[in-house]
Structure formats: structure tokens, C-alpha cells
Amino acid sequence: MEGYYTIERWLAFFFIYSFLGWCIESTIVSVSKRKLTNRGFLKGPMLPLYGFGALTIIISTLMVADNAVLVYICGMIAATALEYVTGAAMEAIFNMKYWDYSDKKFNIQGHICLSSSLAWGVFTLLLIRVVHPRISALVEKIPQNVCFGALVVITIVFAIDFASSFHAAMDLRQILESIT
């Protein structure tokens, strides 16, 4: 795995993993509920937590990428920390839990749990050893000017979606607060 990327490449990875995370999670939830479900905070097909998660894992394992045990441990710790901080922040900001592990053993405030943390380690190994090398190779093949142009458009659409979704979530929070 390449250890250095340009800002454009990191941004491309963020959007790719945000989209892939949305595809996986929306598919799993849609199949389990037997109806089409758009998972996530945004209206569009992206779950930024997966984008940030992938980048966090990639960055946290750069120095230990040759050691599978350290990749597992570093990725598990980094992903768990990100999941906790994100869950706690979203609950504090929007006054609602977007996921809840309270029914799982060894959880902390329902934001993280041991079984999910262990799974993050496995996902880290899959990401670092299988998925990311392929994604990185694909992104490297995109001409820089094409990649830059696409990233400008995607970033604008993403920013509009994020601002709109954030505003809607804050409105919902105010409605819930007025009800209670």
C-alpha cells in the first residue's frame, strides 16, 4: 500500500468509502426490513462516517501496515474511538442516538461495544489488505484533471446535502424538545 497520497486522492477515498458504506449498510437494512431504506444522516448516497472511518483506519495503520496483528489492533482502536466520539457528539448535538449498543455486553453508553470493536479489527484487515489496495490502484488510474473536476462537483453536492440534512436534523431536534 502506498504511504503518501495527495489531498485530492484522500478526498476521493473519503467519497468512495462514504458511498460504499452507504451501499453496504442500506442494502443490509433494506434486506432485513424487506423495504428500500436509505440509511444515514444525508439524503444522498453517502455515509460520511464510513468515509472518515476508512481514512482513520488507513492513517492509523500506515506505520504498521506490514504487521497484521498491529494493523488489527490499531484499526480496532482507531475505529472504536471514532465510533464513540461520533455517537456521543451526534447524541449531544441532535439529542438522539443514531445507533445503540446498549443491549450488547461490554458497551460504553451504548455508543460502542466489545463485539463491534472486535469486528472493526477484522474489517481493518479486510480494508488494508484487500479493499484499499484495489481502490487506491483504481483512483491512481484516474487522470488528475478528471479526478479534480469530479471532486469539485461531488464536494459541492455533498456540502449542499450536508447543510440541508444538518438543518433538517436541527429542526427535528427543536420539535422533539418542544414536545418533551
| query | So His111 and Lys97, side-chain contact (heavy atoms from CB on, under 4.5 Å) or not? Walk me through it. | reply | CA-CA 8 Å; His111 298 301; Lys97 279 191 172 180; 3.9 Å; yes
| message | Checking Glu91 against Tyr98 for the side chain to side chain donor-acceptor pair (under 3.5 Å) test, could you report, in this order, the C-alpha distance in whole Å, the side-chain angles of both residues, the deciding distance, and whether it holds? | response | CA-CA 8 Å; Glu91 185 176 7; Tyr98 282 82; over 6 Å; no
Working to the nearest 0.5 Å, report the span between [atom1] of [X] and [atom2] of [Y].
| X | Y | atom1 | atom2 | value |
| --- | --- | --- | --- | --- |
| Phe106 | Leu114 | CZ | CG | 6.5 Å |
| Ile156 | Leu151 | CD1 | CG | 11.0 Å |
| Ile128 | Leu62 | CD1 | CG | 7.5 Å |
| Tyr5 | Glu140 | OH | CD | 7.0 Å |
| Glu8 | Ile142 | CD | CD1 | 12.0 Å |
| Cys23 | Tyr50 | SG | OH | 11.5 Å |

| task | Would you confirm whether the ring centroid of His167 sits within less than 6.0 angstrom of the ring centroid of Phe94? | result |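 Ring-ring flag for Phe94/His167: false, centres at least 6.0 Å apart.
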| Check: Phe158 ring centre within less than 6.0 Å of Phe14 ring centre |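 Here the rings of Phe14 and Phe158 have centres that are less than 6.0 Å from each other.
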| request: Among Thr124, Asp66, Leu70, Leu127, find the residue that satisfies the side-chain contact (heavy atoms from CB on, under 4.5 Å) test when tested with Thr61. | output: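 Single side-chain contact (heavy atoms from CB on, under 4.5 Å) partner of Thr61 among Thr124, Asp66, Leu70, Leu127: Thr124.
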| query | Can Ile73 and Ile77 be said to form a side-chain contact (heavy atoms from CB on, under 4.5 Å), step by step? | reply | CA-CA 6 Å; Ile73 292 168; Ile77 291 168; 3.7 Å; yes
Locate the shortest heavy-atom distance separating [X] from [Y]; write the atom from each residue and the value.
| X | Y | value |
| --- | --- | --- |
| Cys147 | Arg9 | SG-NH1, 3.4 Å |
| Ala78 | Thr56 | CB-CG2, 3.7 Å |
| Trp120 | Glu83 | NE1-OE1, 3.0 Å |

| request: Would you check if there is a donor-acceptor pair between the side chains of Tyr101 and Gln109 at a distance under 3.5 Å? | output: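 No - no donor-acceptor pair under 3.5 Å links their side chains.
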| query | After noting the C-alpha distance and the side-chain angles of Leu20 and Glu25, does the key distance pass the side-chain contact (heavy atoms from CB on, under 4.5 Å) rule? | reply | CA-CA 9 Å; Leu20 291 175; Glu25 190 158 327; over 6 Å; no
Connected via hydrophobic side-chain network under 4.5 Å: [X] and [Y]:
| X | Y | answer |
| --- | --- | --- |
| Met90 | Ile112 | no |
| Ile154 | Phe148 | no |
| Phe15 | Ile57 | yes |
| Phe52 | Ile24 | no |

| query | Are any side-chain N or O atoms of Ser164 and backbone N or O atoms of Ile160, one a donor and one an acceptor, separated by less than 3.5 Å? | reply |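 No.
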| query | Is the number of heavy atoms from other residues, nucleotides or ligands within 6.0 Å of NZ (Lys43) greater than 12? | reply |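 Enclosed: over 12 neighbouring heavy atoms sit under 6.0 Å from NZ of Lys43.
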| query | Mind checking whether Phe162 and Phe166 have parallel, tilted or perpendicular rings, split at 30° and 60°? | reply |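 Plane angle under 30°, so parallel.
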| task | Check the pair Ile135 / Phe13 against side-chain contact (heavy atoms from CB on, under 4.5 Å), numbers first and verdict last. | result | CA-CA 8 Å; Ile135 297 290; Phe13 296 148; 4.1 Å; yes
